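One structure below.
Remember, predicted model here, so these are calculated numbers, not experimental data. For this chain, numbers begin at 1 and follow the sequence in order.
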Amino acid sequence: MKSFITLLFALLFTSVFYGQRLFGTVTDAKTDEPIAGVNVFIKSIKKGVTSKNNGIFYFEQAHGLKKQDTILFNMVGYHTLKLTLEEYDTLEKKVRLVEENFSRNRSSNSTGRIITLGKSNNSIK
């Protein structure tokens with residue numbers, strides 16, 4: 001009985017300290033090139049990391065994750081991607097971010113107003 005309790009304690013102890021590891025690669029959806037500097041955040045454990053130059057991100061200790069937990073992938077110039085852990089597992093640890101399209105054209109329902117910042121020669125009355 002004593003050996004059973006010792007074994008049970010050892011299993012509980014190692015699971016607490018060795019926890020779940022989560023890793024993967026973030027690439028550009030169009031070019032398939034790795035993206036460095038992507039913020040990867042797991043909401044439930046309130047932890048985040050940044051992808052390295054080769055696009056790889058790594059959570060060394062991601063304890064207590066569930067399949068419905070949310071992972072956010074965020075990078076300036078790309079659409080933010082929100083996945084559950086279950087959805088992420090189906091992607092074979094490779095996430096593809098889509099670039100945002102910034103248009104320089106004015107929309108057809110624009111007000112046509114031009115706002116200039118800086119010094120003005122006209123006074124407002």
Give me the atom names and distance for the closest heavy-atom approach of [X] to [Y].
{"X": "E87", "Y": "K82", "result": "OE1-O, 4.2 Å"}
{"X": "V40", "Y": "F59", "result": "O-CZ, 3.4 Å"}
{"X": "R96", "Y": "K30", "result": "NH2-N, 4.4 Å"}

Query raised in the report: For Q68, does the CD atom sit with more than 12 other heavy atoms under 6.0 Å from it, leaving out its own atoms?
Result: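 Yes.
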
Query raised in the report: Quick check: are there more than 12 heavy atoms from other residues, nucleotides or ligands sitting under 6.0 Å from CG of N53?
Result: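 Counting neighbours around CG of N53, 12 or fewer heavy atoms of other residues, nucleotides or ligands fall under 6.0 Å, so no.
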
From [X] [atom1] over to [Y] [atom2], what is the distance, rounded to the nearest 0.5 angstrom?
{"X": "D28", "Y": "E99", "atom1": "CG", "atom2": "CD", "value": "5.0 Å"}
{"X": "Y78", "Y": "I35", "atom1": "OH", "atom2": "CD1", "value": "4.0 Å"}
{"X": "L72", "Y": "N74", "atom1": "CG", "atom2": "CG", "value": "7.5 Å"}
{"X": "L22", "Y": "L85", "atom1": "CG", "atom2": "CG", "value": "6.0 Å"}
{"X": "I71", "Y": "T84", "atom1": "CD1", "atom2": "OG1", "value": "8.0 Å"}
{"X": "F73", "Y": "F41", "atom1": "CZ", "atom2": "CZ", "value": "12.5 Å"}

Query raised in the report: Are V95 and T25 close enough, and set up right, to give a side-chain contact (heavy atoms from CB on, under 4.5 Å), and what steps lead you there?
Result: CA-CA 6 Å; V95 176; T25 306; over 6 Å; no

Query raised in the report: Any idea how Y58 and F23 line up, ring-wise: parallel (<30°), tilted (30 to 60°), or perpendicular (>60°)?
Result: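 It falls in the tilted class, 30° to 60°.
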
Query raised in the report: Do the side chain of D89 and the main chain of E86 share a donor and acceptor less than 3.5 angstrom apart?
Result: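 No, the answer is negative, given that no donor and acceptor are paired below the 3.5 Å cut-off.
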
Query raised in the report: So, does S51 use its side chain to make a donor-acceptor pair with the main chain of G37 at under 3.5 Å?
Result: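 Between the backbone of G37 and the side chain of S51 there is a qualifying donor-acceptor contact (under 3.5 Å).
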
**Report entry** Linked, directly or transitively: L91 and M75 (ILVMFWY side chains, under 4.5 Å)
**Finding:**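 Hydrophobic grouping puts L91 with M75.
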
Report task. Give a yes or no on whether I42 and V49 share a hydrophobic cluster (residues Ile, Leu, Val, Met, Phe, Trp, Tyr; joining criterion: side-chain heavy atoms under 4.5 Å apart). Result ->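 I42 clusters together with V49.
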
